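Count residues from 1 along the sequence. Just the heavy atoms: all of them, side chains too, but no hydrogens, waters or symmetry mates, feed the values below. Here the structure is a predicted model, which means the values were calculated and not measured.
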Amino acid sequence: MMRITIAVPLTLLLCLLTIHPPPNFCTAHSDSEVRCIESERHALLNFKQHLTDPSNRLASWAASASDVDCCHWVGVVCHNRTGHVLQLHLRSNYPVYDYELTTIEQRTAQDEAYSRSRFGELRLSVCYLSGFISPPIPNINFSSLTTLDLSYNSFENTSILFWVFGLHNLVSLDLSGNQFQGPIPVHLQNLTSLRHLDLSWNQFQGPIPVHLQNLTSLRHLDLSYNRFQGPIPVHLQNLTSLRHLDLSSNQLQGPIPVHLQNLTSLRHLDLFGNAFNSSIPNWLYSFSHLEFLNLGYNNLQGTLSSAIGNLTSAISIDLSYNKLSGQLTAELGQLKNLVILSLEYNSISGPIPWSIGNLSSLRYLDLESNQINGTLPQSFGQLSKLESLYIGLNMLEGVVLEVHFTNLMRLKTLVAAQNRLTLEVSDNWTPPFQLNHLDLGSWNLGPKFPLWFCSQRQLLTLGISNTRILDAVPPSFWNLPSQLSYLNISHNQIYGEIPHIPIILSYFPVLDMSSNRFKGLLPCISSNVTFLDLSNNSLSGSISHFLCYKMNEPKNMQFLNLGINLLSGKLSNCWMMWKNLYALNLGKNNFTGSIPTSIGSLVSLSYLHLDNNRFSRKLPSSLKNCEWLVTIDVAKNDFVGSIPSWIGHRLSRVNNPEVNIPEVTNVSFCGY
């Protein structure tokens with residue numbers, strides 16, 4: 001599943017506005033220009049009195065003489081000839097436009113009204129309006145108001161809706177992102193001029209109400225992210241002007257109803273995240289004008305019909321996370337306008353058709369986690385606009401050559417792990433792309449280490465585990481980790497020494513180099529690293545320089561696995577800055593001496609493995625501080641004395657973190 005938001009630069013729109021001033025909206029005022037209606041100004045002031053405004057967004061709504069013109073107030077747009085208030089934009093985050101209903105000038109006016117309401121990008125978290133809203137002033141109902149946007153605030157009392165439902169000239173109403181609950185009030189049917197209605201991201205519930213059928217002028221209806229239940233009601237077929245219908249992320253169920261075929265003007269249909277359980281209806285394939293189709297995260301069954309080739313206007317198709325089966329049809333290649341195709345997590349089998357290379361507009365393709373087999377068609381090399389390709393967790397096999405990537409200059413993401421593919425490229429191959437994300441886990445890339453990785457200077461994640469590499473890492477490769485957030489080269493036979501990695505610029509990086517043949521000393525690692533697995537190698541020597549590196553910096557490390565190596569010596573008393581550790585494995589090494597008392601600083605520790613070493617003396621009593629331990633393994637060491645009495649008492653979460661039990665069944669003390 002993928003969603004795209006298109007942002008239009010405000011600077012460009014302002015320039016256009018300067019060249020072509022909008023005919024119906026106030027911009028700057030001169031003394032001779034019409035100002036706002038006095039009665040509407042008082043109505044706005046009364047409106048404000050019923051609001052809670054913690055960030056003082058509406059400070060400009062004042063009764064002072066200097067602010068007498070309400071057309072200059074935050075979020076207010078007036079008619080430049082009559083002075084009537086036409087639009088109120090009090091959204092608490094950046095506006096999203098219906099490009100079918102608004103002109104550049106109208107969007108610019110909204111931008112200006114919105115920017116006046118923001119007081120800076122960093123104050124979003126406290127900008128939410130709330131309160132109990134009654135009609136602003138009796139007998140004043142803003143008869144000229146056409147647009148009302150109260151989205152992404154904290155209104156929850158439906159009393160606001162009864163005032164809103166008296167605004168009979170409203171064309172656009174956006175109440176999304178609030179906390180309204182219960183059924184949609186029946187008075188909504190009074191707003192017969194509405195063309196745009198957005199009630200998404202609330203907590204409305206019940207069946208979708210029948211009175212929506214009276215809103216026959218609607219072109220945009222968004223009820224997504226609520227709690228509507230049951231089937232899609234038949235009466236929606238009366239909304240024949242609809243171009244945009246979004247019912248995603250509700251609790252709707254049953255088959256996709258046949259009566260939706262009457263909505264012949266639809267350009268956007270989103271039923272994502274419900275419980276529809278039919279096959280994809282044949283009538284849907286006849287909607288050749290449909291541009292956006294999202295049926296992902298349902299229980300749809302059946303196969304993809306060859307009639308999908310009729311959706312020639314489609315820009316985005318998402319059928320992911322269903323139970324679709326059968327094969328990919330060659331008719332997919334007819335969708336020349338398709339930008340996004342998401343079919344991941346289904347049961348689609350068979351080969352990828354050669355015609356996939358005809359999708360000349362394709363930027364995003366996700367076929368992950370199906371049962372697709374056969375070879376990767378060389379026609380992939382024709383997808384010159386492709387940016388993201390996900391084909392992992394399938395049964396693809398055969399050889400992948402340089403020709404597969406010939407024209408993929410824009411490719412940024414290639415995730416193709418868990419297939420049976422072999423990459424055969426020349427040693428001096430320079431790919432045409434610069435990737436951000438690459439995962440070829442379980443491919444055959446070896447035996448030589450692929451030198452072309454070093455050409456990928458924009459990599460953020462790299463996964464090449466279990467790829468049959470039997471080679472040393474080229475020195476230039478070790479420049480990459482400083483920018484990576486994820487590196488997995490595990491389960492190969494890579495040898496040599498790991499250099500120090502003192503700087504990693506990304507947040508919460510993960511490094512997995514386990515199950516290789518690395519030797520030498522432990523590297524010093526950036527304090528930013530959260531996951532480090534160097535287990536099952538031949539690393540040797542002391543751990544002191546590793547533990548005590550940059551002791552003035554708190555360590556972000558949560559998972560540290562150094563087990564199954566040749567590490568030796570005593571543990572330094574440097575655990576004070578490792579308080580975020582959740583899992584620590586030092587087992588199956590050659591450590592000696594006592595456990596330092598500072599290990600009790602690991603107050604977040606849940607899993608501790610010290611087995612198969614030569615630790616001696618007693619466990620430090622400071623381990624009592626590690627109250628979240630659920631596993632402790634100190635077997636096959638040289639500890640002396642009896643099991644400490646506090647083990648059963650203080651480690652009451654052992655073996656079951658949900659229930660306190662006196663037995664200690666998950667503690668191993670063989671050789672204690």
- Task: Just say parallel, tilted or perpendicular for the rings of His289 and Phe287, cut-offs at 30° and 60°.
- Result: tilted

- Item | Phe477 and Phe449 aromatic ring geometry - parallel, tilted or perpendicular at 30°/60° bounds | perpendicular

- State whether a side-chain donor-acceptor pair under 3.5 Å links His437 with Thr461. yes

- Message: Using a 6.0 Å cut-off, check whether atom NZ of Lys448 has over 12 heavy atoms from anything other than its own residue.
- Response: no

- Query: Under 3.5 Å, side chain of Asn262 to main-chain N/O of Leu260, donor-acceptor pair present?
  - Reply: no

- Task: Sort out for me which residue in Gln434, Gln483, Lys412 forms a side chain to side chain donor-acceptor pair (under 3.5 Å) with Gln458.
- Result: Lys412

- Can you tell me if Asn516 uses its side chain to pair, donor with acceptor, with the backbone of Asn492 under 3.5 Å? yes

- Task: Specify whether His220 and His244 have parallel, tilted or perpendicular ring planes, treating 30° as the upper limit for parallel and 60° as the lower limit for perpendicular.
- Result: parallel

- Greater than 12 external heavy atoms within 6.0 Å of Trp201's CH2: no

- Message: Here's a test for you: under side-chain contact (heavy atoms from CB on, under 4.5 Å), which of Asp270, Asp222, Leu269, Leu271 qualifies with Leu247?
- Response: Leu271

- Query: In terms of heavy-atom contacts, does CD1 of Ile503 have more than 12 from other residues, nucleotides or ligands at under 6.0 Å?
  - Reply: no

- Task: Sequence neighbours left out, what passes salt bridge (Lys or Arg N to Asp or Glu O under 4.0 Å) with Glu497? Give chain and number order.
- Result: none

- Would you call the rings of Tyr345 and Tyr321 parallel, tilted or perpendicular, where under 30° means parallel and over 60° means perpendicular? parallel

- Item | Check: Tyr364 ring centroid to Tyr390 ring centroid under 6.0 Å | yes

- Hey, does Leu341 have a side-chain heavy atom less than 4.5 Å from the side chain of Leu335? no

